Amino acid sequence: MTSGAPAFTSRLRSTASFCLAAIACGVFSPAALGAASRDSAHAYEGGFTISGDRMTPDQRFTARVRVLGAKISHSGQYDMPVTFSLDVGGTRFEPFGADNSSIAGNLNDGGGARDFILPDKYEGGTAVSINATAWRRNTSNGVVTWQNYRSVNTNGSSQQVLTLRDGDLVPAIPGFLGQDSIEAMVRDYVDPVTRQVHLHEDEVIYLVELGSTDLASAAADFQDLVVLVTLAKDEACFQEADEPRNLTVTFD
Ligand SMILES: [Ca+2]
């Protein structure tokens, strides 16, 4: 887990698998589940840096962004809408509704994970960052309006952002006001015994805190928006379902 950490680089092993259109990119390998580190299952052969919070792949890439969930309440009175956008180089994507539309773009709706796959490939050195906004309700004379409560992005270095990579321990932070914890929200990517995160080397999970800037507060539960970013060589690599990442899977 890092926050505002110096730049570091992840390099894939030379044994990274290749993706051919007719071959699944994510080949499930039970033996790999116990490995300390996993190669790319998405045929992305490069590495990436995270400088501050900003992700920069070093080879030509495409990516899938998977919103794992959003959980934030205004003092237990109502669920605050959370909106999202993605910047790739100079291009902005708003795949789940406009990020300035508190209602149409709301991700804090109790819905499940949702995916967006970039429609193009980008050259190495192109930065990938996410933007998240929580919205506060104002009621005046019976008329409800929504105003930006807080926006956080991963383009720089923010104390409101934590990153998880393969092998990191999930922060033991309870969800505020009975909300799901971080661990519950990333449960498909965590060994429930060791609480280690299981990701491929081409992946990172962003944990975003939108409610409080007092990180000692119980309100700072870092699951106001939870997003998994996966790099790939080609969008065809996302056609196959991901293999299980936690160790609760059983085999016949
Ligand atoms: Ca929360």
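Indexing begins at 1, ligand by ligand and atom by atom, following the structure's order. All values reported here derive from a predicted model rather than from experimental measurement. Sequential numbering from 1 along the given sequence is applied to the chain's residues.
Judged by distance alone, the side chain of Tyr149 and the main-chain N or O of Leu210 form no donor-acceptor pair under 3.5 Å.
With respect to Asp224 and Arg150, no salt bridge is recorded, no charged nitrogen being found less than 4.0 Å from a carboxylate O.
The aromatic rings of Phe96 and Phe116 sit perpendicular, their planes meeting at an angle over 60°, well past the 30° parallel limit.
Looking at heavy atoms from C-beta onward, Arg136 lies in side-chain contact with Tyr78 at the 4.5 angstrom threshold.
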Tabulate below the donor-acceptor pairs under 3.5 Å that side-chain atoms of residues 183-190 make, not counting sequence neighbours, or state none.
from, atom 1, to, atom 2, distance (Å)
Glu183, OE1, Arg195, NE, 3.2
Arg187, NH1, Ala184, O, 2.3
Tyr189, OH, Arg66, NH1, 3.0

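We find the CD1-CG distance between Ile72 and Asp221 to be 7.5 Å, quoted to the nearest 0.5 Å.
The set of protein atoms (N, O or S) found at less than 3.0 Å from the Ca ion (ligand 1) reads Lys71 O, Gln179 OE1, Asp221 OD1, Asp221 OD2, Gln223 OE1, Asp224 OD1, by chain and number.
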